[in-house]
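Throughout, protein chains are lettered first and strands after them, A, B, ... in sequence-line order, and every chain is numbered starting at 1. Note that the structure is predicted; figures quoted are calculated from it, not measured.
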Amino acid sequence: MPRREGRTNAGRRRAGPSAGLDGDPTIRGPAATIASCLKETRMGWLRINDALAGEPGAEITVKGWIRTRRDSKADGGMSFLAVADGTCFDAIQAVARHDLPNYQSEVLRLTTGCAVEVDGTLVASQGKGQAVEIAAREVRVVGWVDDPDTYPVPQKRHTFEYLREVAHLRVRTNTFGAVARVRHRLAMSIHRFFDERGFFWVHTPIITASDAEGAGQMFRVSTLDAMARGDAAGGVDFSEDFFGREAHLTVSGQLNVETYCTALSRVYTFGPTFRAENSNTARHLAEFWMVEPEIAFADLLDDEKLAEDMLKFVLDDLLTHRADDMAFFDQRIEPGLIARLRDIVEKPFRVLPYTDAVRVLKESRKSFDFPVEWGSDLQTEHERYLTEEHFKQPVAVINYPKSIKAFYMRLNDPGTDGAPAETVAAMDILVPRIGEIVGGSQREERLEVLDARIAEMGLDPGPYWWYRDLRRYGTVPHAGFGLGFERLILLATGMANIRDVIPFPRAPKQCEF
RNA sequence: UCCCCGAUAGCUCAAUGGUAGAGCGAGCGGCUGUUAACCGCUAGGUUCAAGGUUCGAAUCCUUGUCGGGGAGCCA
């Protein structure tokens, strides 16, 4: 079933403007047939994604890794080789007959994981399960698997926990190959979404000197030997350090990107982010990727609309352009996934003031482990109730109590939403199963209010001098949000653990690969 | 970081104080235009580490390491 959709998909992609062989701009557009690919590409072989969409009769070469080998004694002996190169979900079947010169000596010794090159003719398959296959003229073994008995990823069921221990090989499995392609597609369509709307991608720094970005524990960046030995507690002279001051890995590009927002109007960051929190959950990483747009002349509802439009855009694009992988996730990882994603794409999100959310939770008469009180943050169980039971859809909770949110969020007028105390223009988008996927706000653009908030929270205004300048020189209402990229992948694939949607996860006590 | 659970063959698990087994995978053979195949045979274990209790420990106790589930922090 996914095979069929894979070919349909491949045909559509080939016809699109971005189709073609990697790195070869000549292979583009509807004219890209198999023959022209072979003729024009310097590499001289065919991606299996294109081979599966090809017309029988073509002479082709594919290169990839053996998924399975099945032998038959029929017609004097033949082997069926499933060869995958990662360009699509499916492998292609190559049929190697006994009269190949290396049939006894090599083909019959092929095992899962071996690297091969296959020359042959693309033909309509005589068997069920695939429309086309390669009648092999030559099978060249490029790389053997030295011990099939201990090859870490043979063709069998594996737990994700085990595969994490062999992260260098897990991408050879169906699931992790699909995750990798989906991750790429989502990243590219995020860029496309913003580019089409006139946003500029800003490369905010990875290393930051402001140690008070306010979003959790930070990793230190230092070249001081004393720091590495950890024996300089209290007496560190950071003027001797590389940057001449204390430096850390960024926990957010937001403050930096706000500067570009107040000149380029619509900007975003998309890059790695680091949190040194000792978080041991299926939803947290120490190193993750975050998308942070920032829009000028905009308020909180503009911000919510942007986040909602972006999520819908990228999920719709994914369902259209990675149909093969999505069919797999729908069948094997989370049954009903595609229908749920379609629902997210098609229905408007529920926008719910925090004050109303508290009322909904209280009126639910559910017995929560943590009681619901106006002024306290929503617990995981509360978020799940709202998105999974009550509304059964993504919910954008807006206008949170001032006391539980960051200093840069814009102070609302008293009485907004009938709240009993002061609120800020914050916004969290909650989705079923994942919880918070987007966290954003309208920023405080009034200098005197911002200063009051900094003082109120006991922060040192010194390091924020340039951030405050933005409020002194042509300040404008503006807003933005942060999207956890890996959480988006969880939502899109139905995968349960965030460590399985990033190639090499970094988490407490985990930095092996 | 807190609470709970776990670690035995390449992988997933059984064995509840008395000779460590099965399924999958792997190897060999049989059958088959095969495709989560099917049938037969074979190999494969310092039972996470260190210490303790006991005539005897995979099993009970202590500590540590790592993993999982839940929570907090958040994206």
Side-chain angles (χ1 to χ4, degrees), chain A residues 3 67-82 90-97 108-109 111-113 123-130 133 135 145 147-166 169 173-174 214-217 251-254 272-292 307 331-332 369-370 377-381 383-384 404-406 428-431 434-440 481-491 496-499 502 507-510 512:
Chain A
R3 191 171 291 115
R67 276 285 171 72
T68 59
R69 189 197 88 226
R70 295 179 297 273
D71 304 320
S72 172
K73 290 275 164 54
D75 291 342
M78 60 175 68
S79 292
F80 300 91
L81 309 174
D90 287 304
I92 195 166
Q93 173 161 285
V95 182
R97 296 189 178 271
L108 283 178
R109 288 171 48 223
T111 59
T112 302
V123 297
S125 179
Q126 295 174 38
K128 295 175 183 138
Q130 59 281 316
E133 64 191 17
V145 166
D147 180 7
D149 191 38
T150 56
Y151 179 59
V153 284
Q155 194 70 8
K156 75 179 285 290
R157 280 185 173 281
H158 297 287
T159 60
F160 293 145
E161 292 78 17
Y162 165 71
L163 289 170
R164 255 171 247 154
E165 295 169 10
V166 288
L169 297 170
T173 64
N174 278 341
Q217 290 295 113
V251 292
S252 166
Q254 181 202 316
T273 306
F274 307 88
R275 302 273 167 91
E277 299 287 353
N278 192 6
S279 298
N280 291 288
T281 78
R283 290 177 290 284
H284 291 85
L285 289 166
E287 176 184 285
F288 64 101
W289 286 61
M290 189 153 63
V291 181
E292 296 179 286
Q331 274 176 233
R332 295 295 178 87
D369 291 338
F370 293 86
D377 214 348
L378 298 180
Q379 303 291 316
T380 297
E381 57 179 341
E383 296 178 353
R384 294 184 71 110
I404 58 173
K405 289 293 182 182
D428 286 354
I429 294 182
L430 313 174
V431 295
I434 318 294
E436 182 180 346
I437 194 169
V438 164
F481 64 82
L483 166 85
F485 184 54
E486 284 76 17
R487 289 188 181 175
L488 172 63
I489 303 173
L490 291 180
L491 175 70
N497 195 310
I498 201 163
R499 299 176 192 199
I502 190 168
K509 302 289 195 301
Q510 186 169 29
E512 172 79 17

Stepwise side chain to side chain donor-acceptor pair (under 3.5 Å) check, Gln510(A) with Arg164(A): CA-CA 10 Å; Gln510(A) 186 169 29; Arg164(A) 255 171 247 154; over 6 Å; no

Could one point to a donor on the side chain of Arg275(A) or the base of A75(B) with an acceptor on the other under 3.5 Å away? yes

Is Asp71(A) salt-bridged to Lys73(A), going by a charged N under 4.0 Å from an acidic O? no

Per atom distances to the Tyr162(A) side chain, the nearest of A75(B), U32(B), U12(B) is U12(B)

Could you pull out the protein-nucleic contacts involving nucleotides 24-27 of chain B (nitrogen or oxygen on both sides, under 3.5 Å)?
unit_1: G25(B); atom_1: N2; unit_2: Asp149(A); atom_2: OD1; d: 2.4

Spell out, as yes or no, whether a donor-acceptor pair under 3.5 Å connects the side chain of Thr281(A) to the backbone of Arg283(A). yes

Do any N or O atoms from the side chain of Glu486(A) and from the backbone of Ile502(A) form a donor-acceptor pair under 3.5 angstrom? no

Are the side chain of Glu292(A) and the backbone N or O of Gly253(A) linked by a donor-acceptor pair below 3.5 Å? yes

Assign Glu512(A) to base, sugar-phosphate, or nothing according to its heavy-atom contacts below 4.0 angstrom with the strands shown. nothing

Between U63(B) and U53(B), how far apart are the C1' atoms? Round to whole Å, please. 15 Å

Any-strand Watson-Crick or G-U partner of C41(B), both distances under 3.5 Å: G27(B)

For Gly127(A), report the nucleic acid contact type (base, sugar-phosphate, nothing); a contact means any heavy atom under 4.0 Å. base

Heavy-atom closest pair (Gly113(A) atom, Val145(A) atom, distance to 0.1 Å) is C-CG2, 3.5 Å

Say whether, by atom type as modelled, one donor and one acceptor occur between the side chain of Arg487(A) and the main chain of Glu436(A) under 3.5 angstrom. yes

With rounding to the closest Å, how many angstrom separate the P atoms on U46(B) and A20(B)? 13 Å

Comparing Met78(A) and Thr159(A) on RNA chain B - which has the more 5′ nearest nucleotide: Thr159(A)

Sort out the partner of C2(B) for me: Watson-Crick or G-U wobble, both distances under 3.5 Å, none otherwise. G70(B)

Strictly by modelled atom types, are Thr273(A) and Arg275(A) linked by a side-chain donor-acceptor pair under 3.5 Å? no

Using atom types as modelled and distance alone, determine if a side-chain donor or acceptor of Glu287(A) lies under 3.5 Å from a backbone N or O of Phe274(A). no

What's Val438(A) touching, base or sugar-phosphate or nothing? Going by heavy atoms closer than 4.0 Å. sugar-phosphate

Can you find a donor-acceptor pair, distance only, under 3.5 Å between Gln130(A) side chain and G33(B) base? no

Output the single nucleotide from G33(B), G30(B), C74(B) whose closest atom is nearest the side chain of Lys73(A). G30(B)

What interatomic distance, in whole Å, is found between C1' of U8(B) and the corresponding atom of G23(B)? 15 Å

Which of the following nucleotides, U34(B), U32(B), A75(B), is nearest to the side chain of Leu285(A)? A75(B)

Watson-Crick or G-U counterpart of U34(B), or none if no pair lies under 3.5 Å: none

Using Watson-Crick geometry (N1-N3 plus N6-O4 or O6-N4) or G-U wobble (N1-O2, O6-N3), each under 3.5 Å, G18(B) is paired with C55(B)

Under 4.0 Å protein heavy-atom contact, by nucleotide of nucleotides 65-72 of chain B - B base, S sugar-phosphate only: -S-SS-BB

How many angstroms lie between CZ in Arg67(A) and OG1 in Thr111(A), if you round to the nearest 0.5 Å? 14.0 Å

